[in-house]
Novice: 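The following block contains the structure, expressed as structure tokens.
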Amino acid sequence: MSHDPTVAYDIFAVLRAEVVTCLRRLLPDLADDAFARVLVEPPRDASHGDMATNGAMVVAKLAKMPPPKLAAELAAALAALPMVAEAAPAGPGFVNIRLKEEFLLGQVPLLLRAGEAYGDSTAGGQVRVNVEYVSANPTGPMHVGHCRGAVVGDALANLLHKAGYAVTKEYYINDAGAQVRALAYAAYWRYLQAIGTSLTEDEYSAQVPGGLQYRGEYLIPVGEALKAEHGDALAPGGQPVFTEATLALIQAQTVAAMMVEIREDLAALGVVHDVFISELELVKAGVTDKAIAELVAKGLVYEGVLEPPKGKTPEDWEPRPQTLFSSTAFGDDVDRPLRKSDGSNTYFANDIGNHADKIARGMQQLVQVWGADHGGYVKRMQAATKALSNGSVPLDVVLCQIVKVVKDGEPVRMSKRAGSYITLRDLIDEVGRDAVRFTMLTRKSDAQMEFDLTKVVEQSRENPVFYVQYAHARCRSVLRQADSALTADLDSAPLGSLQDPAELALIRRLTAWPRTVEAAAAAREPHRIAFYLGDLASDFHILWNRGREDATLRFIQAEQPESTRARLALVAATATVIRSGLAVMGVTPVEEMR
RNA sequence: GGACCCGUAGCUCAGCUGGAUAGAGCGCUGCCCUCCGAAGGCAGAGGUCGAAGGUUCGAAUCCUUUCGGGUCCGCCA
């Protein structure tokens, strides 16, 4: 494999290519796909070397050779490579690889030249990926329930971008259903109050279909704004007029006001979407009808009667014919309704329009970040996407489990602003944006999480937010304290003096950053970045602590400018990778701890 | 009744898409600060990976069954 030796790259990918080349030469009769499962990874035990490959074991069967024998031959071939110091068969057929020191150390200057772009990958091939996340109903301020999805989605989008995908960050505004209509009624009430109505809240509520919802105070400014713009024209004499025109007008203005607020909340969290798509606009533009017509044309829509759910039958269940999409043809459990009994579209039908629109805009892969309560919705949407794209556009859904907010172990419930729940703003005000973002990524998204307001701001080893930030601050501190003559052009510093196991371990960790990015992106698991940074910080702190016991291991050595420069290069490289990782997470690196 | 997610050390969680003797932090036990980098550091104990089968050279990881927890199951989004 050829690669530009002046550009930083994933050395694991380089070695993997070499392993495959060697295997091909040893086994010329094997087909290419025989090597698909060949891996080159860091060994579990560092004493095994820098890398290990399962290549011999993976192809041994097809090659009709005992794995250890093939491993021995592979090791001999690998040992001849210029960057390899030693390659030896081990265990059931692994080959352990020890890299030449200059090759390993040589990664540091490449990394420094790449800067925060280190770890950028071409794996995505600039494939157009649409990542939709948050998509909270525009019916009120964002609350903590939206927070995890917002952070996970944003970090995932950043991650995919870094991995070489052409990413669109998207927000789908659910501004067409019964919920936003209920919102319009609620805003109407605040408007009536603003212009001075004789109605009581209960009297008004009695006139509203389904009763008055969304009673939080956050709609008061909307009522005031409606008054400022329309006077009492929307309710002459303070009496409500429930015409479609009036309600639609109020609804549009209220949704717009809520979206302003939601965008502000998101901005406070550092989340900025590229595209906001309106459900209502898609329906009006005929996108939704067209998408469903497409399904009809494919013979995937029919009138039918669904079986009641087994076990727990709803009280008011009545079998009735419905317009159904044949999602079972694509792996769903039952076919899904597209129309409500009043003839209007179900949420699912409109969401089909949403996904059709993404496909029509040329998206090649779709990612949805949803709350766990939407788990039952995954198969039907994947079915619809498959049908619409003839299987060419995959839809991945990342489900985020519930976050329980606690303080000192006690559940926290009430919001200062909105009464019934904790707003996103409350959370950010309490612990800060960076702590929120980092902490939301310290668990797999499909695992439940407890968010402890006390622990996430604690300055201790057990708080990963602090631990990683501290490592970066220490790096920066060292670089500030060093003589500026020593910190110039660190990418040309001779590094031969880096010999301590802790130093080499840190370098190995740094070289694992590109493959970490690729693997995390492939798995759609941004939490892996947080864990990698925790490991990297740990390696760095270990090295720092060694300097306490052994003064010769301190970074700045007054009498040793050359080894000082080598270490400063390593420190700068560490800071660079931490920043690179934090950038994916959307967390600001700090220069000092305060 | 069914679908999806989770179950790994006393606790909170990783485990790089099937690899070597299953890891980390906290907690626990024992050491280590006159001073030069202690918002700590070093070492140790602690596991039938919920259970039982299966697939294969090899399983915490894949399949089946089962037990516990969560989410959800036509006109909410």
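We use all heavy atoms of the structure for the numbers below, so side chains are in, but hydrogens, waters and symmetry mates are not. In this text the structure is predicted, and so the values were computed from the model without any measurement. In what follows, chains carry the letters A, B, and so on, assigned in the order in which the sequence lines appear, proteins first and then strands, with residues in each chain numbered from 1.
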Novice: To the nearest Å, how far apart are A/Arg336 CZ and B/A77 P?
Specialist: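 Distance check: A/Arg336 CZ to B/A77 P gives 16 Å.
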Novice: Atom CG of A/Asn463 to atom P of B/A39: distance rounded to whole Å?
Specialist: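 Whole-Å distance recorded here is 16 Å.
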Novice: Got a second to check how far A/Leu62's CG is from A/Leu30's CG, nearest 0.5 Å?
Specialist: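 Answer for the CG-CG pair, A/Leu62 versus A/Leu30, is 6.0 Å.
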Novice: Any strand counts, and the cut-off is 3.5 Å on both contacts for Watson-Crick or G-U wobble. Which nucleotide pairs with B/G23?
Specialist: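 Its partner is B/C13 (Watson-Crick or G-U wobble, both distances under 3.5 Å).
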Novice: Considering only the P atoms, how many Å lie between B/G25 and B/G69, rounded to the nearest integer?
Specialist: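 That atom pair is separated by 32 Å.
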Novice: Between B/C76, B/A39, B/A14, which nucleotide gets closest to the side-chain atoms of A/Met593?
Specialist: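 Nearest nucleotide to the side chain: B/A39.
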Novice: Classify the nucleic acid contact of A/Phe531 as base, sugar-phosphate or nothing, counting any heavy atom under 4.0 Å across all strands shown.
Specialist: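 Touches sugar-phosphate only.
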Novice: Suppose we screen for salt bridge (Lys or Arg N to Asp or Glu O under 4.0 Å). Which residues come up paired with A/Arg437, at least two apart in sequence or across chains?
Specialist: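 For A/Arg437 the salt bridge (Lys or Arg N to Asp or Glu O under 4.0 Å) partners, ignoring immediate neighbours, are A/Asp154.
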Novice: Starting at the 5' end of RNA chain B, which residue's closest nucleotide do you reach first, A/Gln448 or A/Asn137?
Specialist: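 Upstream on the strand: A/Gln448.
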Novice: In whole angstrom, give the distance that lies between atom CZ of A/Arg380 and atom C1' of B/A77.
Specialist: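 Rounding to the nearest Å, CZ of A/Arg380 and C1' of B/A77 are 11 Å apart.
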Novice: Tell me if B/C33 is syn or anti. Syn = glycosidic torsion within 90° of 0, anti otherwise.
Specialist: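 B/C33: syn.
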Novice: So A/Gly177, base contact, sugar-phosphate only, or nothing? Heavy-atom distance under 4.0 Å.
Specialist: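 Touches sugar-phosphate only.
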Novice: Just call it for A/Tyr377: base, sugar-phosphate, or nothing, with non-hydrogen atoms closer than 4.0 Å on any strand.
Specialist: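 Answer is base: heavy atoms of A/Tyr377 come under 4.0 Å of a base.
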Novice: Please list, by residue number, the residues of residues 520-529 of chain A whose heavy atoms come closer than 4.0 Å to an atom of RNA chain B; answer none if no residue qualifies.
Specialist: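 A/Ala522, A/Ala523, A/His527, A/Arg528, in order of number.
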Novice: Have a look at A/Tyr172 and say if it touches a base, only the backbone sugar-phosphate, or nothing, with a 4.0 Å heavy-atom cut-off.
Specialist: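 Here A/Tyr172 touches no strand at all.
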Novice: From the set B/A39, B/C6, B/C76, return the single nucleotide nearest to any side-chain atom of A/Asp446.
Specialist: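 It is B/C6.
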Novice: State which of B/G40, B/G15, B/C72 makes the closest approach to the side chain of A/Asp373.
Specialist: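 Nearest to the side chain of A/Asp373 among the choices is B/C72.
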Novice: For A/Pro67 and A/Asn345, take the nucleotide of RNA chain B holding the closest heavy atom to each; which residue's nucleotide lies nearer the 5' end?
Specialist: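 Comparing both residues, the 5'-ward one is A/Pro67.
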Novice: Which whole number of Å gives the distance between the C1' atom of B/C76 and that of B/G68?
Specialist: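 Those two atoms are separated by 30 Å.
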Novice: For A/Val59 and A/Leu23, which heavy atoms make the closest approach, and how far apart are they?
Specialist: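 Shortest heavy-atom separation between A/Val59 and A/Leu23 comes out as CG2-CD2, 4.1 Å.
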Novice: Under a 4.5 Å cut-off applied to non-hydrogen side-chain atoms, are A/Leu395 and A/Lys358 in contact?
Specialist: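 The answer is no; the side chains never approach within 4.5 Å.
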Novice: Over all strands shown, is A/Ala512 touching base, sugar-phosphate only, or nothing at heavy-atom distances under 4.0 angstrom?
Specialist: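 If one applies the 4.0 Å heavy-atom cut-off, A/Ala512 turns out to touch nothing in the nucleic acid.
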Novice: Select one nucleotide: of B/C16, B/A39, B/U17, the one nearest the side-chain heavy atoms of A/Arg515.
Specialist: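 Closest nucleotide to the A/Arg515 side chain: B/C16.
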Novice: Applying the Watson-Crick and G-U wobble criteria at under 3.5 Å, what pairs with B/G46? Answer none if nothing qualifies.
Specialist: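 By the stated definition (distances under 3.5 Å), nothing pairs with B/G46.
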Novice: Let's test this: given Watson-Crick or G-U wobble pairing with both distances under 3.5 Å, identify the partner of B/C4.
Specialist: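 Pairing partner, where one exists within any strand: B/G70.
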Novice: Check every strand shown and say whether A/Ala551 touches a base, only sugar-phosphate, or nothing at a heavy-atom separation below 4.0 Å.
Specialist: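 Answer is nothing: A/Ala551 stays at 4.0 Å or more from every strand.
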Novice: Select base, sugar-phosphate, or nothing to describe what A/Asn96 touches, counting heavy atoms under 4.0 Å on all strands.
Specialist: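 Base contact.
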Novice: Taking only N and O in the side chain of A/Lys340, is any of them less than 4.0 Å away from OP1 or OP2 of B/C76?
Specialist: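 For A/Lys340, the contact criterion (side-chain N or O under 4.0 Å from OP1 or OP2 of B/C76) is not met.
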Novice: From C-beta outward on A/Asn545, which listed nucleotide comes closest to its side chain: B/C76, B/G74, B/G40?
Specialist: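 Side chain of A/Asn545 sits closest to B/G40.
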Novice: Could you point out which residue of A/Val403, A/Val456, A/Val152 forms a side chain to side chain contact (heavy atoms under 4.5 Å, CB included) with A/Met440?
Specialist: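 By the side chain to side chain contact (heavy atoms under 4.5 Å, CB included) criterion, A/Met440 pairs with just one of A/Val403, A/Val456, A/Val152: A/Val403.
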Novice: Rounding to a whole Å, what distance do you find between A/His48:NE2 and B/U21:P?
Specialist: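 Rounded to the whole Å, the gap is 9 Å.
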Novice: Looking at residues at least two apart in the chain, or sitting in another chain, which of them share a salt bridge (Lys or Arg N to Asp or Glu O under 4.0 Å) with A/Arg515?
Specialist: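 In terms of salt bridge (Lys or Arg N to Asp or Glu O under 4.0 Å), with neighbours along the sequence ignored, A/Arg515 is linked to no residue.
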Novice: Between B/U17, B/C36, B/U71, which nucleotide gets closest to the side-chain atoms of A/Ala372?
Specialist: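 Taking heavy atoms from C-beta onward, the closest nucleotide is B/U71.
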Novice: Do A/Arg546 and A/Glu503 meet the salt-bridge criterion of a basic N to acidic O distance under 4.0 Å?
Specialist: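 Not counted as a salt bridge, because no side-chain N and carboxylate O are separated by less than 4.0 Å.
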Novice: Name the pairing partner of B/C33, where a pair is Watson-Crick or G-U wobble with both distances under 3.5 Å, or state none.
Specialist: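 Its partner is none (no Watson-Crick or G-U wobble pair with both distances under 3.5 Å).
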Novice: In whole Å, I'd like the distance from the CG atom of A/Asp333 to the C1' atom of B/G2.
Specialist: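 Those two atoms, CG and C1', are 7 Å apart.
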Novice: What is the distance from CD of A/Glu450 to P of B/G70, rounded to the nearest Å?
Specialist: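 These atoms are roughly 15 Å apart.
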Novice: Return the nearest nucleotide to the side chain of A/Arg443; candidates are B/C5, B/A77, B/C13.
Specialist: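 For A/Arg443, the side-chain atoms sit closest to B/C13.
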Novice: Name the atoms and distances for all side-chain donor-acceptor pairs under 3.5 Å in residues 527-537 of chain A, with sequence neighbours left out.
Specialist:
unit_1	atom_1	unit_2	atom_2	d
A/Arg528	NE	A/Glu525	OE1	2.8
A/Arg528	NH2	A/Glu525	OE1	3.0
A/Tyr532	OH	A/Arg509	O	2.6

Novice: With both distances kept under 3.5 Å, what pairs with B/C62, Watson-Crick or G-U wobble?
Specialist: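 Paired with B/G54.
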Novice: If I take atom CG in residue A/Leu553 and atom P in nucleotide B/G41, what distance separates them, rounded to the nearest angstrom?
Specialist: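 Checked: the CG to P distance equals 17 Å.
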Novice: Base, sugar-phosphate, or nothing for A/Glu318, non-hydrogen atoms under 4.0 angstrom?
Specialist: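 Contact class for A/Glu318: base.
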Novice: Side chain of A/Tyr470, base of B/A39: donor and acceptor closer than 3.5 Å?
Specialist: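 Donor-acceptor pair under 3.5 Å: yes.
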Novice: Pick base, sugar-phosphate or nothing for A/Ser341, based on heavy-atom distances below 4.0 Å to the nucleic acid.
Specialist: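 Base contact - A/Ser341 has a heavy atom under 4.0 Å of at least one base atom.
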Novice: Would you say A/Lys404 places a side-chain N or O within less than 4.0 Å of OP1 or OP2 belonging to B/G70?
Specialist: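 So the side chain of A/Lys404 is outside the cut-off, no N or O lying under 4.0 Å from OP1 or OP2 of B/G70.
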Novice: Tell me every residue that passes salt bridge (Lys or Arg N to Asp or Glu O under 4.0 Å) with A/Arg336, counting only those two or more places apart in sequence or in another chain.
Specialist: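 So A/Arg336 forms a salt bridge (Lys or Arg N to Asp or Glu O under 4.0 Å) with A/Asp332.
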Novice: Report the relative orientation of the aromatic rings in A/His374 and A/Trp370; use parallel for angles under 30°, tilted for 30 to 60°, perpendicular for over 60°.
Specialist: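 Judged by the thresholds at 30° and 60°, the geometry between A/His374 and A/Trp370 is tilted.
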Novice: B/C63 and B/G70: how far apart are their C1' atoms, nearest whole angstrom?
Specialist: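 Those two atoms are separated by 24 Å.
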Novice: From CZ of A/Arg148 over to P of B/G70, roughly how many Å is that when rounded to an integer?
Specialist: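 After rounding, the reported distance stands at 17 Å.
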Novice: Please list, chain by chain and in numerical order, all residues satisfying salt bridge (Lys or Arg N to Asp or Glu O under 4.0 Å) with A/Arg98, sequence neighbours excluded.
Specialist: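 Per chain and number, A/Arg98 pairs via salt bridge (Lys or Arg N to Asp or Glu O under 4.0 Å) with A/Glu86.
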Novice: Consider the side chain of A/Arg37, meaning its heavy atoms from C-beta on, and name the nucleotide among B/G74, B/A14, B/G58 that approaches it most closely.
Specialist: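 My answer, after comparing the listed nucleotides, is B/G58.
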Novice: Using O4'-C1'-N9-C4 for purines and O4'-C1'-N1-C2 for pyrimidines, with syn meaning within 90° of 0, is B/U21 syn or anti?
Specialist: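 B/U21: anti.
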Novice: Please determine, for the side chain of A/Lys444, which listed nucleotide (B/U56, B/A14, B/G74) has the closest atom?
Specialist: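 Out of B/U56, B/A14, B/G74, the nucleotide with an atom closest to A/Lys444's side chain is B/A14.
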Novice: Tell me whether the OP1 or OP2 atom of B/A3 has a side-chain N or O from A/Lys379 closer than 4.0 Å.
Specialist: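 For B/A3, OP1/OP2 do not have a side-chain N/O of A/Lys379 under 4.0 Å.
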Novice: Where the side chain of A/Glu41 is concerned, which of B/U17, B/G70, B/C13 is the nearest nucleotide?
Specialist: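 For A/Glu41, the side-chain atoms sit closest to B/U17.
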